[in-house]
There are 2 protein chains.
Amino acid sequence: MEDVTTTTAVRELPHPAREEIRLETVLHALADPTRLRIVTTLDTFGEGEGLGATCSQVDVPVSASTLTHHFRVLRESGVINQCYRGTSKISCLRRTDLDPLFPGLLDAVLNAARNV
Amino acid sequence: MEDVTTTTAVRELPHPAREEIRLETVLHALADPTRLRIVTTLDTFGEGEGLGATCSQVDVPVSASTLTHHFRVLRESGVINQCYRGTSKISCLRRTDLDPLFPGLLDAVLNAARNV
DNA sequence: CCCGTAGTACGGCGGTTATCGTACTAGGCG
DNA sequence: CGCCTAGTACGATAACCGCCGTACTACGGG
C-alpha cells in the first residue's frame with residue numbers, strides 16, 4: 001500500500017494539528033476514567049525527547065485492544081503524541097500544544113484527578 | 001402523587017452534594033457543545049441570590065425537551081444549580097462547590113470556550 | 001528464518017446519549 | 001375559570017461508546 005523503500009519503514013501515526021484541536025473533543029477524551037488514568041500516568045513520564053511511556057507501562061484493567069482504542073482517542077483528540085520506537089509505541093502528553101490553546105486546563109484536570 | 005398541602009408547593013430539584021460531584025462526570029457534562037454553550041452563557045448571568053438565567057434565556061438551537069435534558073445533565077453532574085421561581089426555572093453555576101473541588105478547572109474551560 | 005513481544009484492525013455486543021415530538025403539569029394573568 | 005407561557009415526562013430512534021476476543025502485522029533476537 002505504502003511506498004516502503006527501506007527495510008525499516010517509519011510508521012507514522014495521524015495527529016491533529018494544533019489548530020485542529022477542539023475543546024469539546026479534549027474534554028470528551030478526558031471524561032473517561034480509563035483515559036484519565038492514562039493521562040495522569042503519562043504526566044509522570046515527561047514529554048521530552050526520549051521520554052514518554054509505552055502502552056503496556058500504563059496500569060489499567062482493560063484488555064489490550066481496549067487500551068489501543070483509548071490511546072487512539074487520546075491521540076486523535078490531540079491530548080497525546082505517539083511515535084513508534086522499535087517494536088513499541090511511545091506516548092506522551094502534548095503540553096506544548098495544549099497549554100497555549102487551553103491555558104491551565106490540563107493542569108487543573110491533572111491536579112483534580114490526583115486528588116480523587 | 002405528592003402531599004401538596006399548600007397551594008404554592010415548593011418544587012425541589014435533586015442536586016448532588018459537593019462530595020458526590022465526580023470529575024469524570026463534570027468533564028463529560030462539559031464535553032458537549034450545547035452544554036458548553038449553556039455553561040458559558042450562565043457564567044455571564046452571575047451566581048448570587050436572585051441571579052441566574054432561565055432555560056429560555058439560553059440561545060441554543062435545540063428543541064425545548066432537549067434543552068431540559070441538557071440542563072438536567074448539568075444539574076445532576078453538579079455543574080449548575082437550579083431552583084424554581086414562579087413559572088420559570090433559574091439556573092446558575094455552582095462555582096462555590098466546583099472551585100474548591102477542582103481549582104482552576106471551570107475557569108480554564110470557560111476561558112478556553114470563549115476563545116473558540 | 002522462526003518465534004516472541006507489542007500493538008492493531010475488525011466485528012460484535014450491550015449500554016448510554018442526543019435528539020425529537022407529543023402529551024402533560026405548574027404558575028400567573030385577565 | 002380559562003388561557004398562555006415555561007418547563008417536563010415519556011417514548012422512540014439513531015448514533016455512539018466502551019468493552020471484548022480473534023486474527024493479524026511489525027519489529028527484533030536467537
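Proteins get letters first, then strands, A, B, ... in listed order; numbering begins at 1 in each. Please read all numbers here as calculations on a predicted model, not as lab measurements.
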Does His70(A) have a side-chain nitrogen or oxygen under 4.0 Å from the phosphate oxygens OP1 or OP2 of dC19(D)? yes
Give the minimum heavy-atom separation between [X] and [Y], together with the two atoms involved.
X: His15(B); Y: Arg75(B); result: NE2-CD, 3.4 Å
X: Val109(A); Y: Leu23(B); result: O-CD2, 3.9 Å
X: Pro16(A); Y: Ser77(A); result: CG-C, 4.2 Å

For the side chain of [X], counting heavy atoms from C-beta on, which of [options] is nearest?
X: Thr87(B); options: dG7(C), dT19(C), dG27(C); result: dG27(C)
X: Ser63(B); options: dG7(C), dC20(C), dT19(C); result: dC20(C)
X: Lys89(B); options: dT8(D), dG7(C), dA18(C); result: dT8(D)
X: Asp32(B); options: dA18(C), dA6(C), dG18(D); result: dA18(C)
X: Ser56(B); options: dG18(D), dG7(C), dA6(D); result: dA6(D)
X: Thr66(A); options: dT17(C), dG7(C), dC20(D); result: dC20(D)
X: Arg35(A); options: dG7(C), dG7(D), dG18(D); result: dG18(D)
X: Ser88(A); options: dG18(D), dG7(C), dG7(D); result: dG7(C)
X: Ala64(A); options: dA6(D), dA26(D), dT8(C); result: dT8(C)
X: Ser65(B); options: dC20(D), dT22(C), dC17(D); result: dT22(C)

Starting at atom [atom1] of [X], determine the distance to atom [atom2] of [N], rounded to an integer number of angstrom.
X: His69(A); N: dG21(D); atom1: NE2; atom2: P; result: 15 Å
X: His28(B); N: dC17(D); atom1: NE2; atom2: P; result: 10 Å
X: Tyr84(B); N: dG7(D); atom1: OH; atom2: C1'; result: 7 Å
X: Glu12(B); N: dT8(D); atom1: CD; atom2: P; result: 14 Å
X: Leu67(A); N: dG7(C); atom1: CG; atom2: P; result: 8 Å
X: Arg85(A); N: dG7(C); atom1: CZ; atom2: C1'; result: 15 Å
X: Arg72(B); N: dA18(C); atom1: CZ; atom2: P; result: 11 Å
X: Arg37(B); N: dA18(C); atom1: CZ; atom2: P; result: 17 Å

With the side chain counted from C-beta on, respond yes when Val60(B) and His70(B) share a heavy-atom pair under 4.5 Å apart, and no when they do not. no
Sugar-phosphate only, base, or nothing, as touched by Val62(B) at under 4.0 Å among non-hydrogen atoms: sugar-phosphate
Under 4.0 Å, counting only non-hydrogen atoms across every strand here, what does Phe71(B) touch: a base, just sugar-phosphate, or nothing? nothing
Leu30(A) side, atom CG; Leu30(B) side, atom CG - distance, nearest 0.5 Å: 11.0 Å
Can you check whether Gly46(A)'s main-chain N or O pairs, donor with acceptor, with Arg95(A)'s side chain at less than 3.5 Å? no
